[in-house]
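Structure first, then comments.
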Amino acid sequence: NAGVTQTPKFQVLKTGQSMTLQCAQDMNHNSMYWYRQDPGMGLRLIYYSASEGTTDKGEVPNGYNVSRLNKREFSLRLESAAPSQTSVYFCASGTLQFFGPGTRLTVL
Amino acid sequence: GEDVEQSLFLSVREGDSSVINCTYTDSSSTYLYWYKQEPGAGLQLLTYIFSNMDMKQDQRLTVLLNKKDKHLSLRIADTQTGDSAIYFCAEKLTGGGNKLTFGTGTQLKVEL
């Protein structure tokens, strides 16, 4: 039982490049979430998925897209990365929100 | 509106009690949560309290909720060096689709 896993752990991109952050959970949770964490700003919700097949915008969705591939997996895509997207990205699942270990992304 | 505030830093001596405070503005909160984040790690749920409760105790942790003042606190008894971390409070709103609003976090430093 791995809980919530995220890949990759670290990533460096150049401005304009695209990438997908992967998240998977093995707890059979309906809801999954993507947050970004920036110094002094706490966690801000990017997108969430209340159940398989549904996704909704959170507080800061601009520049991101998501896919709820199945009940286990919820991916976050940056189509054209910008330096303002340098952050630590966390995936969480379930009503009590169990968190993954995070992806540290730097956009140069 | 939704706004959750915390003080940025707290320093205590090992063995003392720590009290981390949080204020929120939305009275429709249903649950309030405390998470712990150690360096380089994700957030770990410590405890939560339902909005119709005043207090919840779990081993060294005591959560107090003053709904009238919209004030939440986390007391850690006999604070240890392993308690050094960032602590986040978060609220879940009625009809919020299980979305949480997080505070900015309080960095707790435990000194010997």
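Each chain gets a letter, A, B and so on, in the order its sequence line appears, and its residues count up from 1. As the structure is a prediction and not an experimental result, all values here were calculated from the model.
Note that the OH atom of Tyr35(A) and the CG atom of Leu100(B) stand 4.5 Å from one another [nearest 0.5 Å]. Taking OG1 from Thr101(B) and CZ from Arg44(A), the interatomic distance works out to 13.0 Å, rounded to the nearest 0.5 Å.
Of the listed residues (Gly103(B), Gly105(B), Gly40(B)), the greatest number of heavy-atom pairs within a distance under 4.5 Å of chain A belongs to Gly40(B).
At a threshold of 4.5 Å between side-chain heavy atoms, the hydrophobic network of Ile, Leu, Val, Met, Phe, Trp and Tyr places Tyr48(B) and Met27(A) in one connected group. Note: the hydrophobic cluster containing Leu76(A) does not contain Val4(A) (ILVMFWY, side chain heavy atoms under 4.5 Å, direct or indirect links). The hydrophobic clustering, which links ILVMFWY residues whose side-chain heavy atoms are closer than 4.5 Å, places Leu65(B) and Val19(B) apart. Leu74(B) and Leu43(A) fall within a single hydrophobic cluster, where Ile, Leu, Val, Met, Phe, Trp and Tyr side chains are chained together by heavy-atom contacts under 4.5 Å. Taken together through direct or relayed side-chain contacts under 4.5 Å among Ile, Leu, Val, Met, Phe, Trp and Tyr, Met53(B) and Trp34(B) form part of one hydrophobic cluster.
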Pair up each side-chain donor or acceptor in residues 51-62 of chain A with any protein partner under 3.5 Å, not counting sequence neighbours, and list the distances.
from     : atom 1 : to       : atom 2 : distance (Å)
Thr54(A) : OG1    : Ser51(A) : N      : 3.2
Thr54(A) : OG1    : Ser51(A) : O      : 3.0

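Under the side-chain hydrogen bond (donor to acceptor under 3.5 Å, both in side chains) criterion, Thr62(B) pairs with no residue, sequence neighbours left out.
Looking at Tyr31(B), there are no atoms closer than 4.5 Å to chain A (heavy atoms on both sides), in backbone or side chain. With a 4.5 angstrom heavy-atom cutoff, Gln37(B) touches chain A only via side-chain atoms. Contact of Leu43(B) with chain A is made through backbone and side chain together, with heavy-atom distances under 4.5 Å.
Of all residues in residues 100-108 of chain A, those placing a non-hydrogen atom less than 4.5 angstrom from a non-hydrogen atom of chain B are Gly100(A), Pro101(A), Arg104(A). For residues 80-92 of chain A, the interface with chain B (any heavy-atom pair closer than 4.5 Å) comprises Phe90(A), sorted by residue number.
Environment of CZ in Phe102(B): crowded, with over 12 heavy atoms of neighbouring residues, nucleotides or ligands closer than 6.0 Å.
The closest side-chain heavy-atom distance from Tyr33(B) to Gln97(A) is not below 4.5 Å. Inter-residue side-chain proximity for Phe99(A) and Gln44(B) is flagged as unmet; no heavy-atom pair is nearer than 4.5 Å.
Annotation for Tyr35(B) and Leu96(A): closest pair OH-O, 2.7 Å, computed over non-hydrogen atoms.
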